[in-house]
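Positions are given from 1, in the same order as the sequence printed here. Atoms within a ligand are numbered from 1 in the order they appear, just like the ligands themselves. Quick caveat: nothing in here was measured; it's all calculated off a predicted structure.
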Amino acid sequence: MKVCCIGAGYVGGPTCAVMALKCPDIVITLVDKSVERIAQWNSDKLPIYEPGLDEVVKKCRNVNLFFSTDIETAIKEADLIFISVNTPTKTCGNGKGRAADLKYVESAARMIAEIAQSNKIVVEKSTVPVRAAESIMHILRANQKPGIHYDILSNPEFLAEGTAINDLLNADRVLIGGEETPEGHQAVEKLSWIYEHWIPKQNILTTNTWSSELSKLAANAFLAQRISSINSLSAVCEATGADVSEVARAVGLDSRIGSKFLQASVGFGGSCFQKDILNLIYICENLNLPEVAAYWQQVIDMNEYQKRRFSQKIIESLFNTVSDKRIAILGFAFKKNTGDTRETAAITVCQTLLEEGAALDIYDPKVEPEQIIDDLTHPSVTESPEKVKKAVQIHSDPYSAVRATHALVICTEWDEFVDLDFKRIYQSMMKPAYIFDGRKILDHERLQQIGFHVQTIGKKYQRTGLLRSWGIVPQL
Ligand code: UDX
Ligand code: UDX
Ligand code: ADP
């Protein structure tokens, strides 16, 4: 069998790499319109950072996994085509700011219709709203050449960045949605056969196309909702003296609730959660279900509130002014083990501090410096990109980033931050030295003993400076 995948990004890349690893009898060609991206996939420095991906790609590349810009040949030769192009939120026109922009999906479908000379199974792999498969089908069937048959399947991807290879190798489930016709069932069987190379058959669920598409949006909406729920309680904790980690543990031990995805944070980011919920909201509004739309809108509103609340806390703690103060930002990616910054909470934190006149020293182990500057100078973030460029310095080492700063802010939960030498950091910072732990990863008691003023999410700390001056907390 020959497989082609259109779109060599965060979804297409790891998915095809694992498929190639597990299916030596299948030839997979990953195509992209970006010449630069394909060149990177064919080089030693892959275009995305994902633990374990390098090894898998090295093993399969030019064996049964090929990266190419020759989209036409790949489509012509393939029996099965995955569409895994990007589906960003629309920035203009109808549904602006909410609906998914399907222009890349549509253009991929049109390309297939134009080029195909034999029957194809077309698999929608991008996260796209309910009924996207139907749109792909309309395009393909309206441009159908005689004797060519198309089957359209929905096969949403559930991998999370940073753990993509493991998520693909040990998927909780694989979901395949198809048409309820004999041809539809056959197409589902063919795609299922690929996954059966490594996924137990009982974990491969088949549904109708719409259920499959909606399940993807629903899964992401549920996950994001858990984070917004615990984040909402983090505000209650800070106001009352409860500790959100203790609350999360107590709640998560209920087997009906479960302990995962209850980590309070500065706010969720990533390319999926917000986009998918906005999409769900848009669909509900169009289906005249305003109450349902309003329900899910709260998940996003709570996330925005959390990001704003954390940023405000930094400013308030620093005597209500950060103007001309240097602040170190440790971590810029939307989560650890990825270099991806899409929708990262760090952007909101940095934007708020920059607007208040702070100078920022930013360090992230995997995000490219140009990406940070691009994100912070984007028109949606600032009207004065030149000013931002002057106020932001990117560092390649955390110790250089914190030197002579008034405060250190943790925006991403990178493991290496836990093991930093905080005594050394304390000595090199301005006093009083503040730490704002937006990920709850540091040992706050110890930091206070060193002399830091510590603020975090979901727990109120005493003002150690005052306690120390009363002789209650010893100076180290
Ligand atoms: C609940 C909590 O489960 C329990 O831990 C707490 O101590 C008291 O409140 P209870 O109200 O007795 O217990 O019953 P529960 O099984 O939680 O059901 C509550 C309601 O939710 C019922 O009306 C039930 O029919 C409904 N429900 C429950 C659903 O509609 N769907 C479900 O999936 C589960
Ligand atoms: C998500 C889904 O998990 C995945 O199934 C889907 O295919 C794509 O979207 P991803 O966005 O890559 O994956 O990462 P995820 O681990 O879900 O984290 C999303 C955001 O939530 C991150 O910013 C993360 O830091 C945050 N998060 C996660 C929390 O703040 N608390 C948690 O308990 C878990
Ligand atoms: P995702 O996170 O959904 O994988 P990415 O932006 O990482 O999104 O990847 C999507 C990829 O799809 C990009 O590399 C983009 O160049 C590619 N792409 C978009 N439209 C087309 C198209 N019509 N033909 C080929 N590649 C495309």
Closest heavy-atom pair, I457 versus A264, reported as atoms and distance to 0.1 Å, is CG2-CB, 3.9 Å
Check: of K33, E157, M111, min heavy-atom distance to atom 25 (C) of ligand 3 comes from K33
Under 4.0 Å from ligand 1, residues with heavy atoms, in chain and number order, are R256
For G9, the ligand 3 atoms with a heavy-atom partner under 4.0 Å come out as 4 (O), 5 (P), 7 (O), 9 (O)
If you measure every N or O of S84 against every N or O of ligand 3, does any of those distances drop under 3.5 Å? no
Worksheet item: Would a 4.5 Å heavy-atom cut-off, applied to side chains only, mark F436 and I327 as touching?
Response: no
Ligand 3 atoms nearer than 4.0 angstrom to some heavy atom of S107 are 23 (N)
S265 heavy atoms within 4.0 Å reach ligand 2 at atoms 29 (C), 30 (O)
| task | Kindly confirm or rule out an N or O of Y10 lying under 3.5 angstrom from an N or O of ligand 3. | result | yes
If we number the atoms of ligand 3 from 1 as shown, the ones under 4.0 Å from a heavy atom of G7 are 11 (C), 12 (O), 17 (C)
- Using a strict cut-off of less than 4.0 Å between a Lys/Arg side-chain nitrogen and an Asp/Glu carboxylate oxygen, indicate whether E343 and K275 qualify as a salt bridge. no
Ligand 2 atoms nearer than 4.0 angstrom to some heavy atom of F268 are 20 (C), 21 (O), 23 (O), 26 (C)
Checking heavy atoms under 4.0 Å, the part of N86 that sits near ligand 3 is both
Problem - Side-chain ion pair, K313 and E238, N-O less than 4.0 Å - result: yes
- prompt: Would R61 and E55 pass as an ion pair if we require N to O under 4.0 Å?
  reply: no
Checklist entry - Does a salt bridge link E161 with R342, judged by any charged N lying under 4.0 Å from a carboxylate O? => result yes
Problem - Short N-O contact, D243 and K459, less than 4.0 angstrom - result: yes
With heavy atoms and a 4.0 Å threshold, my read on which part of E343 contacts ligand 2 is neither
- request: State if K336 counts as touching ligand 2 under the rule of any non-hydrogen atom under 4.0 Å.
  value: no
Contact region, K260 to ligand 2, non-hydrogen atoms below 4.0 Å, reads neither
- Salt-bridge contact K76-E72 (side-chain N to carboxylate O under 4.0 Å): yes
Ranking R342, K275, E161, E36 by closest non-hydrogen atom to atom 2 (O) of ligand 3, top hit is R342
Applying a strict 4.0 Å limit to heavy atoms, is S126 in contact with ligand 3? no
Under 4.0 Å from one or more heavy atoms of L223, ligand 2 contributes atoms 3 (O)
Nearest heavy-atom contact between K335 and A160 is NZ-CB, 3.8 Å
- Task: I would like to know whether K45 and E368 meet salt bridge (Lys or Arg N to Asp or Glu O under 4.0 Å); could you show each step before the answer?
- Result: CA-CA 13 Å; K45 192 170 185 294; E368 301 292 339; 3.0 Å; yes
**Q.** Side-chain donor-acceptor pair present, D70, T73, cut-off under 3.5 Å
**A.** yes
Near K216 (heavy-atom distance under 4.0 Å), the atoms of ligand 2 are 6 (C), 7 (O)
A student checking ligand 2 against C272 at a 4.0 Å heavy-atom cut-off should list atoms 8 (C), 9 (O)
Q) Could D415 and K336 be called an ion pair, given the rule that one side-chain N must be under 4.0 Å from one carboxylate O? A) yes
Between V11 and ligand 3, does any nitrogen or oxygen pair lie at a separation below 3.5 Å?
yes
of all protein heavy atoms, closest to atom 24 (N) of ligand 3 is I6 CG2, 3.5 Å
Give a yes or no on whether the backbone of F332 and the side-chain of T344 come within a donor-acceptor separation of less than 3.5 Å. yes
| message | With a 3.5 Å distance limit and no angle check, can you tell me whether K145 reaches the backbone of A116 through a side-chain donor-acceptor pair? | response | yes
